[in-house]
Each structure stands twice: as structure tokens, then as C-alpha cells.
Amino acid sequence: MTSSRALRSVTSRSVACCFAVIFGLLRTADPRAAAPTVQFRPPQRDYILACGGCHGLNGISNAALVPSLKGLVGYYLYLPEGRAYLPRLPNVAFSTLNDEQLAAVLNYMVFDIGAGSAPAGARAYGSAEVGRWRKQPLTEVTLSEYRRRLVETLINEYHAPAALRGYIATTAQ
Ligand code: HEC
């Protein structure tokens, strides 16, 4: 009697123990349980997915192939044609993001990635404005001359660094 009760309690204890071990193993086997969770705000997430592959997660790219954005891209907002240039770029205009999401990505790009380069008090892009400009995309033919004129004006008259030339300097020849 006593010994069978003792046996039962030993058995149930080892079953419980066994479950705890298996459960523990399953938990540690699940990579999601151990991986730290990184939270991105939607515009940063959209930038990473739609733009970061070419322009770099932080806006630093191989500038000979794709223009670097970090600390530079805000200069375009000094000129009305520069402000229009960003939503008219083919990779921006034809993005699958809707106008609102795209405006948020452009604002993240200009004010976070391009921090320090936009003029003081520059207005954020609105979705209606982005919606209008993306319907007039620049083409491969019009883009390089449009960009060259913008960049030279920004360097000569708005103190933009010569680094803004980077991409065109290597592609213009
Ligand atoms: C497939 C690669 C690729 C993707 C994706 C891409 N871009 Fe670009 N981007 C380029 C290239 C190449 C240029 C140079 C101009 C051109 O050929 O379109 C450029 C030019 C730019 C410029 C102009 C910078 C300057 O100094 O002239 C900006 C701003 C820009 N892209 C923003 C974006 C944003 C925002 C997205 C995402 C919505 C994006 N790009 C997605 C390749 C890409």
C-alpha cells in the first residue's frame, strides 16, 4: 500500500519532470524564442524593403553605381525642381507603395537618412503632392541631364558638398 503510493508519486513526478524537459527543449529549439525582436516604424520598413536593397539600409551605397543618400538627399529640397525630382525618379514613381506610404518613405529618407542636408524648415511631403509628381516620371533619357543641372546648382549656389556629384561623375562619360 505505502510502497505503491510512493511508486505512483515517483512516477507522476518523473512524468512531470519529463514534460518540463521536453517543453524546455522545444522552447529552446524554436529560433524565434531566442531571437531578439527588432521593431521598425512602417516608413523605415518600407524603405528597407523597397529601396534599401540598392541604396543601402542606412542610405550608404556604392556611389559609383547607385547614388548615396546619407547626409545628401535633403539638398534637393532647396529647389522646387529638386523637390519634384525625388517623387519623379523612376524607382520611386513606379514603386508599389501607395501615395501615403511613399510620402512617408520620402520623408523618412529626406529627414532621417538625409539628416542635416535639408533646408531648415523644409516642409514634409504630403501624399497628394507625391501622387501628382509620380504621374510625371523622369525617363532614363531625361533623368541624367535633369540631375546634372540640379546637382551643379546645389553645389554652386547652395553649398552642397561635391560628393553629391559622385554618381553622375562616373556615369556621365
Ligand atoms: C533597383 C535599384 C534601386 C531601387 C530598388 C531604388 N533605387 Fe533609387 N536609384 C537607383 C539608381 C540606379 C539611381 C540613379 C538614377 C537612376 O538611374 O534612376 C537612383 C536614384 C535615386 C535618388 C536620387 C539621388 C540623387 O542624388 O540623384 C533617390 C532620392 C532615390 N533613388 C530614392 C529611392 C527610393 C526612395 C527608393 C524606394 C522607393 C529607391 N530609390 C529604390 C537605384 C534604385
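Atoms within each ligand, like the ligands themselves, are counted from 1 in listed order. Residue numbers count from 1 along this sequence. For clarity, every value in this text was computed on a predicted model and none was experimentally measured.
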Salt bridge between [X] and [Y], side-chain N to carboxylate O under 4.0 Å?
X      : Y      : answer
Lys70  : Asp112 : no
Glu129 : Arg132 : no
Glu152 : Arg148 : no

Min heavy-atom dist Ala50 to ligand 1 below 4.0 Å: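 Contact check Ala50 vs ligand 1: positive.
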Quick check on side-chain contact (heavy atoms from CB on, under 4.5 Å): which of Val110, Leu102, Val130, Val92 does Leu86 satisfy it with?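 Answer after filtering Val110, Leu102, Val130, Val92: Val110.
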Looking at [atom], what's its closest protein heavy atom, distance included?
atom                    : result
atom 22 (C) of ligand 1 : Leu89 CD1, 3.2 Å
atom 2 (C) of ligand 1  : Cys54 SG, 1.9 Å
atom 20 (C) of ligand 1 : Pro67 CG, 3.7 Å
atom 42 (C) of ligand 1 : Asn91 ND2, 3.4 Å
atom 17 (O) of ligand 1 : Tyr167 OH, 3.5 Å
atom 12 (C) of ligand 1 : Leu65 O, 3.9 Å

Considering the heavy atoms of [X], write down every atom of ligand 1 situated less than 4.0 Å from one of them.
X      : result
Leu86  : 29 (C)
Tyr76  : 25 (C), 26 (O), 27 (O)
Val92  : 32 (C), 33 (C), 34 (C), 35 (C)
Val73  : 29 (C)
Met109 : 29 (C), 32 (C), 35 (C)

If Ile, Leu, Val, Met, Phe, Trp and Tyr residues are connected whenever their side-chain heavy atoms lie under 4.5 Å apart, and connections chain through other members, are [X] and [Y] in the same group?
X      : Y      : answer
Tyr158 : Leu164 : yes
Trp133 : Leu138 : no
Phe40  : Ile113 : yes

Heavy atom under 4.0 Å from ligand 1: found in [X]'s side chain, backbone, both, or neither?
X      : answer
Tyr47  : neither
Cys51  : both
Leu143 : side chain
Asp46  : neither

Geometric cation-pi criterion Arg45 and Tyr108, 6.0 Å radius, 45° cone: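 No.
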So, regarding Arg147 and ligand 1 (criterion: nitrogen or oxygen to nitrogen or oxygen, under 3.5 Å), is there a contact or not?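 Between Arg147 and ligand 1 (N or O atoms, distance only) the closest approach is under 3.5 Å.
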Do the side chain of His55 and the main chain of Pro67 share a donor and acceptor less than 3.5 angstrom apart?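 At least one qualifying donor-acceptor pair exists.
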Does any N or O in the side chain of Glu157 come within less than 3.5 Å of the main-chain N or O of Leu154, such that one atom is a donor and the other an acceptor?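 Checking the backbone N and O of Leu154 against the side chain of Glu157, no donor-acceptor pair under 3.5 Å is found.
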How are the rings of Tyr85 and Tyr146 set to each other: parallel, tilted or perpendicular (split at 30° and 60°)?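 Tyr85 vs Tyr146 ring planes: parallel.
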Can an N, O or S atom be found in His55 less than 2.8 Å away from atom 8 (Fe) of ligand 1?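 Yes, since at least one N, O or S atom of His55 sits under 2.8 Å from atom 8 (Fe) of ligand 1.
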